[in-house]
Amino acid sequence: MRYAIITDHVVLNLYGERIYRQYKNEGKDVALLSFPAGEAFKTRSVKENLENQLLSLGYIRDTTIVALGGGVVIDLVGFLASTFCRGVPLILMPTTVVGMVDASIGGKTGVNGPGGKNMIGTFYNAAQTVIDYNFLHTLPEKEWFNGRVEMLKAALVWDRDFFENFSTFSDFQAIQRSRTIKEAIVSQDPYDRGVRRLLNLGHTFAHALEVLSHYRISHGEAVAFGVVFDARISYEMGVLSKDDFSQIQNVFPPIFLDFSCEEMLQKMRLDKKNSNNLLHCILLQKIGLATQSVVPENVIKRVLDDTRLCAGKNIQVG
Ligand SMILES: NC(=O)c1ccc[n+]([C@@H]2O[C@H](COP(=O)([O-])OP(=O)(O)OC[C@H]3O[C@@H](n4cnc5c(N)ncnc54)[C@H](O)[C@@H]3O)[C@@H](O)[C@H]2O)c1
Ligand SMILES: [Zn+2]
C-alpha cells in the first residue's frame with residue numbers, strides 16, 4: 001500500500017513534515033502533496049492538478065489517501081479519494097474544529113462549482129478518522145469561533161442539555177459531544193433526505209449573508225445570525241416559545257444588517273426551492289428539537305425588516 005498525504009499550504013507548514021515523518025518512520029511509502037489554503041481553492045481544477053501529480057508519481061489502485069486539514073481539505077481530498085482509480089481508501093485527519101465536528105462525519109465530499117458551494121461531489125465514507133486535539137493549539141480564534149457556532153447549532157437542533165450547559169463543557173468535551181450528535185443524525189439519514197437537513201438550521205440566511213457581504217462576513221458569523229433569524233421565524237410562526245427564543249438570543253445577540261430585505265430575500269429564494277411564495281425553512285419547536293417547514297414570504301420579510309432594526313453587532317459564543 002502506498003500513501004499520499006494531501007494538505008493545504010498552511011497546515012503543510014505547521015504539521016506536514018511531522019505527519020510525513022510519522023508515516024516514513026513506520027516504513028511506509030508515502031508522498032506529501034499540497035494546495036493553497038482557503039475556500040477559493042476548493043475547485044475541480046485543484047483536484048485535477050493533484051490527481052495529475054499522483055498519476056505522474058505512479059500512484060494507482062493500491063493507494064491510501066490521507067486528508068490532513070480543515071473542512072476544505074477534507075471535502076476536496078475526500079472527493080479525490082472517491083474517484084481516484086474508482087475509489088481508494090481515505091484516512092481523515094481533521095485539524096480544525098469544523099473539520100472535527102462537522103466535515104469529517106457523514107461522508108459528504110465535494111468542490112465548489114461556478115454556480116455555488118459544494119455543487120460537485122460524492123458521498124464517500126472514510127476508512128479511518130484520526131482525531132488529534134493537539135492540532136488545535138495553533139488554530140486561530142476566528143476558526144474556534146466558527147467551530148463553536150456549528151457546535152451550538154447542532155445542540156439547538158438535537159441536544160437541549162448540551163446547548164444549555166455549553167459553557168460548562170471544556171473545548172474537547174464539546175467537540176466530543178458534537179461529534180456524537182452529528183454521528184447520531186447521519187446514521188439515521190446518510191444521504192441527506194430527511195433528518196440530516198435539520199443541520200442546515202440558520203444556513204439559508206447565512207448563505208445569503210455571505211454572498212451579499214462578498215464573504216467579508218465569515219461563515220461562522222453568518223450562521224450565528226442565521227440561527228437567531230430561524231429562531232425568530234419559529235417564534236413568529238407560533239412554534240417556539242418566547243422563553244426559548246430569548247435563551248437563543250442571549251447566546252447569539254442581535255445584529256444590524258446593511259442589506260435591503262429584498263436583496264436578502266432574493267438570495268434566500270435561490271438557496272432553497274420556493275413555490276407559491278413559500279420558503280422551506282428549518283424551524284425550532286424548542287431548544288433541542290427542530291423540524292422542516294414551509295414559511296410564507298411575508299413572515300420572512302417581516303422578520304428581515306425587524307432584524308435590520310436591531311443594533312450592535314456583538315456575538316459572544318462560548
Ligand atoms: N462535508 C461536510 O459535511 C462539511 C461540513 C461542514 C463544513 N464543510 C466544509 O468545510 C469547509 C470549512 O472548513 P473549515 O472551517 O475547517 O475551513 P478551512 O479548511 O478553510 O480551514 C480554515 C483555515 O484554518 C487553517 N488551518 C487548518 N487547520 C489549522 C490548524 N490546526 N492550525 C492553524 N490553522 C489551521 C486552514 O489552512 C485555513 O486557512 C467549507 O468548505 C465547508 O463547505 C463540509
Ligand atoms: Zn455551516
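Small disclaimer: the values here were computed from a predicted structure and weren't measured. Counting starts at 1 for both ligands and their atoms, following the listed order.
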- Message: Within less than 2.8 Å, report the number of protein N/O/S atoms around the Zn ion (ligand 2).
- Response: 3
For residues 283-291, tabulate all N or O donor-acceptor pairs below 3.5 Å that involve a side-chain atom, not counting sequence neighbours.
none

- Just jot down the side chain to side chain contact (heavy atoms under 4.5 Å, CB included) partners of Asn52, sequence neighbours excluded, or say none. Glu48
- Message: Could you walk me through whether Val98 and Glu143 satisfy the side-chain contact (heavy atoms from CB on, under 4.5 Å) test, starting with their C-alpha distance in whole Å, then the side-chain angles of each, then the deciding distance to 0.1 Å, before giving a yes or no?
- Response: CA-CA 8 Å; Val98 170; Glu143 302 303 337; 5.9 Å; no
- Salt bridge check: are Glu221 and Arg216 linked by an N-O gap of less than 4.0 Å? no
- Salt bridge present between Asp230 and Lys153 (N-O < 4.0 angstrom): no
- Query: Any chance the rings of Phe41 and Phe35 have centres within less than 6.0 Å?
  - Reply: no
- Message: Ring centres under 6.0 Å, that's the criterion: do Phe225 and Phe205 meet it?
- Response: no
- Message: Taking non-hydrogen atoms within less than 4.0 Å of ligand 1, which protein residues qualify?
- Response: Asp8, Val10, Val11, Leu14, Tyr15, Ala37, Glu39, Lys42, Gly70, Gly71, Val72, Asp75, Thr95, Thr96, Val98, Asp102, Ala103, Lys108, Lys117, Asn118, Phe135, Thr138, Leu139, Pro140, Glu143, Lys182
- Item | Leu201-Tyr235 co-clustered via ILVMFWY side chain contacts under 4.5 Å | yes
- Query: Only one of Leu12, Thr7, Leu57 clears side-chain contact (heavy atoms from CB on, under 4.5 Å) with Leu33; which?
  - Reply: Leu57
